[in-house]
Amino acid sequence: MDHFQLKDGVLHAEDVSLRRIAEEVGTPVYIYSRATLARHARVFRDALGALDNPHIAFAVKANPNLAVLRILASEGYGADVVSGGELTRALKAGMKPEDIVFSGVGKTHAELLQGLEAGIGQFNIESEEEGYELAAIAQRHGKRAACALRVNPDVDARTHEKISTGKSENKFGVPLDRAADIFARLAREDGLEMRGVAVHIGSQLSTLEPLETAFGKVGALIEELRAAGCSVTHADLGGGLGVPYKAGEQLPSPAEYGAMVARVTKDWGVRLMFEPGRVIAGNAGVLLTRVIRAKRSGNGPPFVVVDAAMNDLARPAMYGAWHDFDAVQPTGDRMTAHIVGPICETGDTFAMDRECDALVAGDLAVFRTAGAYGATMASSYNSRGFVAETLVDGDRYAVVADRIAADAIMDAERVPDWLT
Ligand code: LLP
């Protein structure tokens, strides 16, 4: 459930009319609902209620906006970060260092050091090489890094190939059949406290079976590690739970996910950790856009050209992703149209042959389920600048990220003397 509903015929975020935000902030603009974020955070935590003190770290990559992170910090969430920049954000937003997990296949020397100096709770090590590098840095600084070894369980997550991470051909983690040996070798390093295993097989999962299969393999690995004399106190089960992108679409609920996790892990005797991203933020945001014009072309449906583009919301262009597209003031009339942005490539298409609310030039509309992997994946392609972000709370809202104009981006560029 989200808080983007029609009130008196006008789409609102909680109690704020999207017309008002369009007039005051301009379009395109992302709009997040505080109540929806908080609700999702609680629903997910409640779904894990059968577990003993689970650790929940929001996957910052899904929505790194400081205001969004602050809301999740106040809900007791930690952060799963994958870069020094995300780590800085999580700390700035008020997440406790010990609640931060550092994931990612390419942490640099500087990032490993940054994590150590910040005193983060856990590094998810993605290779034996990374483990030795972290061990050396930790020793040099008189520290001990708490670590989990990320394993690649070779499970097909049955999601889009670009967001699948748990197949053997993907770059993530260490192969399961080598994991026990690598863990034992890294456990001998003074700079490391090897305490757990981690797994994340992909994102936008629409069934629980691949997760259950992967978790089963992790359970077997924990047994194997203990039999070999290693201590395992933590298991990080990653994120990945999908969300409905189409009205009426049925996906496994957080409660079903939580019940499956409780069943599969009941004998593990570890503290479980989670890294949800999309399931928390996805349906807590929309991208508000204005129709520039409708353009007839040949005999097919018209092209509705909106002022948002693939640089603002990359998912349709990148993954062929579906985002529901609704008028802010629907008249009841419907149309079939191609929904496109102004960028000069055919990939800048949000939807083909989409049945949607009838729209004419000047009308406002939203792409729904844009709260995760939306603004954070924006670029300034075609010198369009960076899209603004707003947060609604009841009957008030705030701009939580300024629009960055193309001019400001240009200010960071130089033409060297020797070209003049
Ligand atoms: N943990 C790790 C290690 C991850 O790599 C990810 C996502 C997550 C947690 C959070 O997964 P979630 O709960 O959000 O599914 N840009 C793509 C999604 C990329 C996901 C990358 N990793 C999209 O727009 O669909």
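Ligands are counted one by one from 1 in listed order, and the atoms in each one are counted from 1 as well. Every value quoted in this text rests on a predicted model; they were computed, and no experiment measured them. Index from 1, following the sequence.
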Quick one: side chain to side chain donor-acceptor pair (under 3.5 Å) partners of D324, sequence neighbours excluded?
W322
Taken in chain and number order and not counting sequence neighbours, the residues that satisfy side chain to side chain donor-acceptor pair (under 3.5 Å) with E86 are none
Output field: ring centroids H323/Y245 closer than 6.0 Å
yes
In short, ring-ring contact (aromatic ring centres under 6.0 Å, His included) pairs touching residues 254-278 with sequence neighbours left out are F44-Y257
How would you list, by chain and number, the residues with a heavy atom under 4.0 angstrom from ligand 1?
A59, K61, D80, R150, I163, H200, S203, Q204, G239, G240, E275, P276, G277, R278, R315, Y319, Y373, M377
Between T376 and P64, is there a donor-acceptor pair closer than 3.5 Å when you use the side chain of the first and the backbone of the second?
no
Using ring centroids (six-membered ring only for Trp), state whether F367 and F325 fall under 6.0 Å.
yes
